[in-house]
Structures are given as structure tokens and as C-alpha cells.
Amino acid sequence: MFIPTLDAVTVGKVISDIRREKGMSQEVLSGLADIGRTHLSAIERGERKPTLETLYRISCALDMKMSDIVKRIETQLD
């Protein structure tokens with residue numbers, strides 16, 4: 001039986017790609033999202049999965065809908 005899981009590396013790569021597309025450093029994004037830079041770095045490296053609250057904060061800091069970030073993650077997973 002196949003049980004799907006969310007790949008933390010893919011989540012982190014999507015967040016990192018969007019951040020870079022917007023010309024933002026980890027320092028700036030983590031400050032705007034009110035999360036630690038080391039926490040953001042661990043998310044981007046795929047060492048941690050963001051909670052919904054953290055993903056929401058990141059999406060607001062990136063001036064994006066959270067659903068748009070999730071759609072990009074889903075596209076990468078397919």
C-alpha cells in the first residue's frame with residue numbers, strides 16, 4: 001500500500017526559489033515572516049517542514065497567497 005508523504009526537500013526548494021525570484025535574502029524574509037533565520041534556512045534545506053502557521057507567515061512575507069506556494073509544491077511533486 002502506497003502512503004504519500006510530503007517531501008521536505010521539495011517544500012524547501014520551492015520556498016527558496018520564490019525567495020530568490022523576489023530578490024530577497026534569508027535574513028529579510030525571516031525578519032518579515034517573524035521566524036528565525038536558522039529556522040528558515042533549515043526549511044529551505046529540507047531539514048524541517050514548515051507548520052501551516054509558518055508557511056502562512058512566509059507567504060505573507062513573500063506577498064503571495066499560501067495556496068499559490070502549495071500549488072508550486074504540488075507541481076514539483078508530480
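Keep in mind it's a predicted model, so treat the numbers as computed, not measured. Below, each value reflects all heavy atoms present in this structure, side chains not excepted, and no hydrogens, waters or symmetry copies.
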task: Drop me the distance from Leu32's CG to Leu62's CG, to the nearest 0.5 angstrom.
output: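 The CG atom of Leu62 is 8.5 Å from CG of Leu32, to the nearest 0.5 Å.
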Interatomic distance, Glu53 atom CD to Asp34 atom CG [nearest 0.5 angstrom]: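 Spacing of CD (Glu53) from CG (Asp34) equals 10.0 Å.
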query: Mind checking whether Ile43 and Leu55 have side chains closer than 4.5 Å, heavy atoms only?
result: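 Sidechains of Leu55 and Ile43: no contact.
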message: What I'd like to find out is whether the side chain of Leu40 reaches to under 4.5 Å of the side chain of Thr54, using heavy atoms alone.
response: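 Not touching, per the 4.5 Å side-chain cut-off.
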- request: Please report the shortest heavy-atom distance between Ser59 and Lys65, naming the atom on each side.
  value: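 Taking Ser59 first and Lys65 second, the nearest heavy atoms are CB-C, 4.1 Å.
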field: Minimal non-hydrogen separation, Ala61 against Ala33, with atom names
entry: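 Smallest heavy-atom distance, with atoms named: CB-N, 3.8 Å.
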Leu52, CG: over 12 other non-hydrogen atoms inside 6.0 angstrom: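 No - once you tally the heavy atoms of other residues, nucleotides and ligands closer than 6.0 Å, there are 12 at most.
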query: In terms of heavy-atom contacts, does CD of Glu27 have more than 12 from other residues, nucleotides or ligands at under 6.0 Å?
result: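 12 or below, so no.
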field: Donor-acceptor under 3.5 Å (Lys49 side chain, Leu6 main chain)
entry: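 Answer holds: yes.
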- request: Could you tell me whether the side chain of Ser41 and the main chain of Arg37 form a donor-acceptor pair under 3.5 Å?
  value: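 No; judged by distance alone, with no hydrogens or angles, the pair does not exist.
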task: Output the rest of the hydrophobic cluster of Ile3: all Ile, Leu, Val, Met, Phe, Trp and Tyr residues reachable through side-chain heavy-atom contacts under 4.5 Å, sorted by chain and number.
output: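 Once heavy-atom contacts under 4.5 Å are chained together, Ile3 belongs with Met1.
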- prompt: What's in the same ILVMFWY side-chain cluster as Phe2, cut-off under 4.5 Å, chained through other members?
  reply: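 None, because no other hydrophobic side chain comes under 4.5 Å of this residue.
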Can you give the donor-acceptor pairs under 3.5 Å from side chains of residues 8-19 to other protein atoms, not counting sequence neighbours?
| unit_1 | atom_1 | unit_2 | atom_2 | d |
| --- | --- | --- | --- | --- |
| Thr10 | OG1 | Asp7 | OD2 | 2.6 |
| Lys13 | NZ | Asp17 | OD2 | 2.8 |
| Ser16 | OG | Arg20 | NH1 | 3.2 |
| Arg19 | NE | Glu44 | OE1 | 3.4 |
| Arg19 | NE | Glu44 | OE2 | 2.7 |
| Arg19 | NH1 | Met24 | O | 2.9 |
| Arg19 | NH2 | Glu44 | OE1 | 2.9 |

